[in-house]
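Here is the naming used below: chain letters follow the sequence lines, and residue numbers restart at 1 for every chain. Atoms considered below: every heavy atom in the structure, side chains included; atoms not considered: hydrogens, waters and symmetry mates.
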There are 2 protein chains.
Amino acid sequence: MRLVIARCSVDYAGRLQAHLPLATRLLIHKNDGSLLVHSDGGSYKPLNWMSPPCTLTVHEPDDDQRDAGVTELWRVTHAKTADMLVVSIYETLHDTAHELGVDPGLQKDGVEAHLQKLLAEQIELAGDGYTLVRREYMTAIGPVDILARDAVGASVAIEIKRRGGIDGVEQLTRYLELMNRDPLLAPVAGIFAAQEITPQARTLAEDRGIRCLLLDYDAMRGIDDGVPRLF
Amino acid sequence: MRLVIARCSVDYAGRLQAHLPLATRLLIHKNDGSLLVHSDGGSYKPLNWMSPPCTLTVHEPDDDQRDAGVTELWRVTHAKTADMLVVSIYETLHDTAHELGVDPGLQKDGVEAHLQKLLAEQIELAGDGYTLVRREYMTAIGPVDILARDAVGASVAIEIKRRGGIDGVEQLTRYLELMNRDPLLAPVAGIFAAQEITPQARTLAEDRGIRCLLLDYDAMRGIDDGVPRLF
DNA sequence: AGTTAGATTTCGTCA
DNA sequence: TGACGAAGTCTAACT
């Protein structure tokens, strides 16, 4: 990994065209050839970048560029697409290289998969007398998060989201349309379960006879596991 | 901006919990307090990070941690949520600070907005005798990309995507349902226009009587502007 | 390899 | 300020 702090301007041409005016920025040239251009603020997204696989070549500026103050040109071209990134360097303030090695990678835990697991274990949260049929119940157009039965044995399809938006309701609607054509399952009721549900999604769901269920992740987790929070 | 190369492990607790085993990584501490943890590969997304507003505090390791080889603890806490990131530093290989100043920001050009502008200008691509009513035609559930009239004056709603997927068809369907309830507009036909359309989206659209239109961005741009590509 | 759905998404825009 | 759609999205899972 090579780290360069430089006064530079950047031009990108590919799926769109973009330009960064002259300013001091951090350039990260990774071992896989990729290049990130970061400013001293904003989120984790670089101002501009080139994803691997790509290659960086350094060029001499032409006369016009040299007159304008450019000392070096970095050209990063993508290996497959025609995307190109050109960094015009006016002044290099810092330049170091470092050997990092391969990273073992991130270990994740939690989120929607966890919510699904928790609700499957605590299916009575969906309604008194509810029983679990199975998680990831497969249909022709994809898996329904949870298939359950209510107190009198009628089928209930449950769609789980962290944040419930209109698209989630649409998704559940498609599942319900399909499943209600299956005489072995029909009639199938729907429950839209999420930590948060947008007002639009709630309106749409209720308009279609789908019940909304707000999930309290912390409470569900607190019941489920005795593992204390790390911090 | 402070750049540190260090052997470290990282723990994150917030909307999920995650852990990074001991390895050599780049730590970027930006001026707004945010911290990025990058490896020497992958895309522009860091292995882990904390978004602003947040603050970093440095702590001494406790006895157990010191015995394990930890020399320093970085604790980054988010100002509003309870999110926390803890970096356990075992060895610092590089540590520099740099003054970058405020970045003037990215100037973009192109993409879906451009496609919409081009199709509005070349509305005859949608069909012979078509005329533009207006772009971003407002409805109660959001703006339709383009409202046009066909050769005999009937309304046509056009949804434009760069990549046409099922969600785009759903979106257009919602608009059409709504607009067809308006006696001043009805009947409203639909056109789903995109550079690429997935087979699933095409099938769904045609099943609902929505016509699909493939857009050739380069050809449309070639007709529109005489500006040559920069590279 | 292609497709789909989720993301600690981030980023813009508009009501 | 909140909500919604787009992104040069990225990423993982599944076909």
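Close to C:dT9, at under 4.0 Å from its OP1 or OP2, lies no side-chain N or O of B:W49.
Residue contacts shown for A:S51 include a base, since a base heavy atom lies under 4.0 Å away. Residue A:M50 is classed as a base contact, given a heavy-atom separation below 4.0 Å to a base.
Here D:dT9 presents its P atom at 8 Å from OH of A:Y12, a figure rounded to the nearest Å. With rounding to whole Å, A:L36 atom CG is found 15 Å from C:dT10 atom C1'. Residue B:D32 contributes atom CG, which lies 13 Å from atom P of C:dT10 at whole-angstrom precision. Atom CG in B:D83 sits about 15 Å away from atom P in C:dA7, given to the nearest Å. Summarising the geometry, the separation between NZ on A:K30 and P on D:dC10 is reported as 12 Å, rounded to the nearest angstrom. Separating the NE2 atom of A:H38 from the P atom of C:dT10 is a distance of 13 Å, rounded to the nearest angstrom. Nucleotide C:dG6 holds its P atom 16 Å from the CD1 atom of A:I166, rounded to whole Å. Distance A:I160 CD1 to C:dA7 P: 12 Å, rounded to the nearest Å.
Residue pairs that meet the salt bridge (Lys or Arg N to Asp or Glu O under 4.0 Å) test with at least one member in residues 21-44 of chain B, sequence neighbours left out, are A:D103-B:R25.
For B:H78, the side chain to side chain contact (heavy atoms under 4.5 Å, CB included) partners at least two apart in sequence or on another chain are B:M50, B:P53, B:K80, B:T81, B:D83. For A:Y44, the ring-ring contact (aromatic ring centres under 6.0 Å, His included) partners are B:W49, not counting sequence neighbours. Every side chain to side chain contact (heavy atoms under 4.5 Å, CB included) that B:L22 has, sequence neighbours left out, goes to B:R7, B:Y90. For B:H98, the ring-ring contact (aromatic ring centres under 6.0 Å, His included) test picks out A:H94, with sequence neighbours left out.
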Filtered N/O pairs between nucleotides 11-15 of chain C and protein, under 3.5 Å:
| residue | atom | partner | partner atom | Å |
| --- | --- | --- | --- | --- |
| C:dC11 | OP1 | A:S43 | OG | 2.7 |
| C:dC11 | OP2 | A:S43 | OG | 3.0 |

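A salt bridge links B:E170 and B:R208; the closest N-O separation between the charged side-chain nitrogens and carboxylate oxygens is under 4.0 Å. Salt bridge present: B:E206 and B:R202 bring a charged side-chain N and a carboxylate O closer than 4.0 Å.
Annotation: of the two residues near DNA chain D, B:K80 and A:L47, the 5′-most nearest-nucleotide partner is B:K80.
Taking only side-chain atoms of B:R174, from C-beta outward, the nucleotide of D:dA6, C:dG6, D:dG5 with the closest atom is D:dG5.
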